[in-house]
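The block underneath contains the structure these notes are about, expressed in structure tokens.
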Amino acid sequence: MSASNWEVVIGLETHAQLSTVSKIFSGAATAFGAAPNTQACAVDIALPGVLPVLNRGAVERAIRFGLAVGGRIAPRSVFARKNYFYPDLPKGYQISQYELPVVGGGSVSVRVGDEERTIRLTRAHLEEDAGKSLHEDFHGRTGIDLNRAGTPLLEIVSEPELRSAAEAVAYARTLHALVRWIDICDGNLQEGSFRCDANVSLRRPGAPLGTRCEIKNLNSFRFLERAIEFEVRRQIDILEDGGSIVQETRLYDPDRDETRSMRSKEDAQDYRYFPDPDLLPLDIDAGWIDAVRTTMPELPGAMRLRFQEQYGLSAYDAATLTAQREIARFFQDTLDCAGAELAKPVANWILGEVSARLNREELDLSRAPVAPAQLAGLVRRIADGTLSNALGKKVFDALWNGKGATADEIIERQALKQITDESALERIIDEVLAANQKSVEEFRAGKEKAFNALVGQAMKATRGKANPQQINDLLRRRLGS
Amino acid sequence: MINESLVQLGGRLRTREVSSVELTTAFLERIARLNPVLNAFITVDRERTLAQAREADARLGRGEGGPLTGIPVAHKDIFCARGWRTTCGSRMLSNFVSPYDAHVVERLAGAGAVCLGKTNMDEFAMGSSNETSHFGPVKNPWNTAMVSGGSSGGSAAAVAARLAPGATGTDTGGSIRQPAALCGLTGLKPTYGVVSRYGMIAFASSLDQGGPMARSAQDCALLLNSMSGFDPRDSTSLERPAEDYSRGVDAARDPDRPLVGLTVGLPKEFFGPGMDADVAAAVEAAIAEVRRLGAQTVDIGLPNMELSIPVYYVLAPAEASSNLSRFDGVRYGHRSAQFDDLMDMYCRTRAEGFGDEVKRRILIGTYVLSHGYYDAYYLQAQKLRRLIAQDFVAAFRHCDVIMGPTSPTVAFALGARSADPVQMYLSDIYTIAVNLAGLPGMSIPCGFGGHGLPVGLQIIGNYFDEARMIEVAHRYQQVTDWHLRAPAL
């Protein structure tokens, strides 16, 4: 039996750190990178007698997410305690949501290659993060940093509907873009603001779900992809050899590119979930949801359709422009300056030259040296014939390198304006013809190649500022062909 | 002076007839003399206390004194107080100095009250005799061979023995009312949510409520005025307008029949077998007195009350098992001196830091929350809890307050029930249902039983009806002197 007879079943649990200023149950700051334990207040370190108070900002972000994915926002959800002992879990329990999560259902639309798939979500719930155990630098002892303890998280659980590592990554990227799009998470992967656990199992097509393994704490899309790929191969090998999968939690080791067993189901803890008596049930009324709804930005799906309909962009371009909110915003801002009729060239410039330069220089769009208004000025000058495409690239280059504030300034200063005046061009052509009699004769003898040489000479004489098509036309007229 | 009420002492302080330092010193001297016998205080810090008294005197000198300014008050050692060792009666916290004030401590200090010290209690408030304290049992001032009751036994004994004119307590299943009854004082557990739990070390969060312990209902009202109020740091604190709990005390009434118009419900479940005859006699005499003051009585039923002990002993340990998880030796409190690894550190720390009763309840609580048992125990108990509360709602359609015994017996001998936890749990048979329902409950002295030990009358009110309960108790105390009797020490 071959590997292709197995169906891969993947579900992701994603922890998105919510972008609140303070923690989910205390007033301490959530900023990343502070000195250890400087952002842990009495509540975070779980002194005797302290109590949690829910941060409404975290709830509002959960509502935003629920609205964005079309989920059900629970009118009443309940915080529960998940009990286990660990040194970086100060209370000995994590406050999470268990039976009644804040968001139920919903879905996200994911593109894998040319195919578009809808991935359904099981739920999304609010919970607090734990602190960090630091095993280095303490001479065999473990340090505890509780700055992260109590940071608000939204755990987003997908249905097991993903069928490949590529699909899982596409889903994770879509979700990552979405939480940033709706301003609930900064999406910073290095700082752990967005991390995934992957549940992977195999089955024969149509068969019931197989035994799954959970790979914990994947904080990059590359690790997610490789961990799943490794895990799928591992499970296929076991099953093909007639073995069976043991349900367990595994960790991905990027240095060895493999997953390793962390704990098996037998060691799984009994978390003794029960409703947290220190917190009232979370009631969200329609008024709150409506108030949040009015602050929602246009969502990527709707924006994509609008770009296709309103600006006549291709499905691919519209999808690419709405893959991230920064790109969409850059596009929209550029268009606001350039005019809607230039949507296609603006899209081409952003998806072409701009993104190529960003990639080459490993920059974020937010740090692109060319601003939307500058790009709009450039595209307008190409559209009105002032610049050829080739000259446009030169001007873009100059803008990128800070050699001018606007396209017009650069055109002026470097005298890059396209020469369209026919009499001026005819003078230049006459000079070129006089200097290249040999080519003229060859052309007259029927050598088409010689004509191209003459065009090249003419363009050279204009220092590239002429429109090649116009040169072409004038030359032919001059040569009487 | 030590026999005077808070109201009287406050008057003397404001007229500068006596200074807070003088008053506080008198109590500190009494503590120094009698605490070795009674063991009512775990921590006394003379200098810290006197510094507060001097501050209060300065306020009084500027004419800024309120009803409690300069009055020394003892805090149950379950309340965190900044700079004070706060042990909760446990070895686990025997070295813990709190860096912050509980809401209750903050409020009383803000009113100018002076912290006289931290009183003894059952470990983590788990007990009904004060014998589970790591710091040794509290002795009953009426007879030092007897228990003080618990868990607020130190506060009860301190007030009864005139080591403090008033004290704070907490009540999860009767921990204010039962020791108040056994020591002959007035104690009030408010409606759940009236007093913030912030800074009050949690035993069972959905049941815990702080409250005042003093000699009279009027003094309790004074303390409660200060202790209550909305606190945004406790999500279960109720946002309600401030109340003057003394307002009924001051209201004009027919002096002979001040309780006319009041209907007192007498649950038949409170007067059945189980209550000792001496307690029954005192309680029935008190009810007769209440009738004489103009109240009507009606028989009512609380059919699910018999379930309250089993329900309580599922829910309270369940919450406690989780609440006590933070005592792990990692950040503060006791940590075992020697251990092999992390798990060993946890095990040894908690084995050494917790006493038997606490361990028993952690085990029960862990069990009832475990996978496969949760529905049968925890969920079932929550359902029954609602039935118990509904019994009261139904009963209050027919009466204004409910009366009965606080405890089925007078104070029992030290050691008499230590070996039998279930027998000990039955001490709270009349008080626990009130916590499960979240209602306010009160105990006032109503006579003496065997061996000259005090008997308490329990008054249960409807939600937020503390002021009426206080008034009823006050009218009774105006025509009786049980609350003025002092033990011979």
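Hydrogens, waters and symmetry mates play no part in the numbers below; they use all other heavy atoms, side chains included. Source: prediction; values computed, not measured. Every chain is numbered from 1, with letters handed out A, B, ... down the list of sequences.
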Study note, to complete from the structure: Given B:Leu93, B:Leu324, B:Ile201, B:Leu207, the one with more heavy-atom pairs under 4.5 angstrom with chain A than any other is B:Ile201

Practice item. Name the option with the most non-hydrogen atom pairs under 4.5 Å to chain B; the candidates are A:Leu280, A:Leu47, A:Leu89, A:Ile144. Key: A:Leu47

Practice item. Side chain from CB out, backbone as N, CA, C, O: work out which of these in B:Ile78 comes under 4.5 Å of a heavy atom of chain A, or both, or neither. Key: neither

**Study point:** Residue part contacting chain A, namely of B:Phe79, when any heavy atom lies under 4.5 Å
**Key:** neither

Record all donor-acceptor atom pairs with a distance under 3.5 Å between chain B and chain A; write none if the list is empty.
unit_1, atom_1, unit_2, atom_2, d
B:Tyr100, OH, A:Pro48, O, 2.6
B:Tyr100, OH, A:Val50, N, 3.4
B:Arg197, NH1, A:Asp278, OD1, 3.2
B:Arg197, NH2, A:Asp278, OD1, 3.2
B:Gly199, N, A:Gly49, O, 2.7
B:Ser205, OG, A:Asp278, OD1, 3.2
B:Ser235, OG, A:Pro52, O, 2.9
B:Ser322, OG, A:Arg81, NH1, 2.9
B:Ser322, OG, A:Asn83, OD1, 2.8
B:Asn323, OD1, A:Arg81, NH1, 2.9
B:Asn323, OD1, A:Arg81, NH2, 3.0
B:Arg326, N, A:Lys91, O, 3.3
B:Arg326, NH1, A:Leu47, O, 2.9
B:Arg326, NH2, A:Tyr93, OH, 3.4
B:Arg331, NE, A:Ile45, O, 2.7
B:Arg331, NH1, A:Pro90, O, 3.3
B:Arg331, NH2, A:Pro90, O, 2.7
B:Tyr332, OH, A:Ala46, O, 2.4
B:Tyr346, OH, A:Tyr86, N, 3.4
B:His371, N, A:Asp270, OD2, 2.7

Review point. If you take all heavy atoms of A:Phe274 and B:Ala318, which pair is closest and at what distance?
Key: CZ-O, 4.2 Å

Review point. Measuring heavy-atom distances to chain A, does B:Pro99 have an atom under 4.5 Å in its side chain, in its backbone, in both, or in neither?
Key: side chain

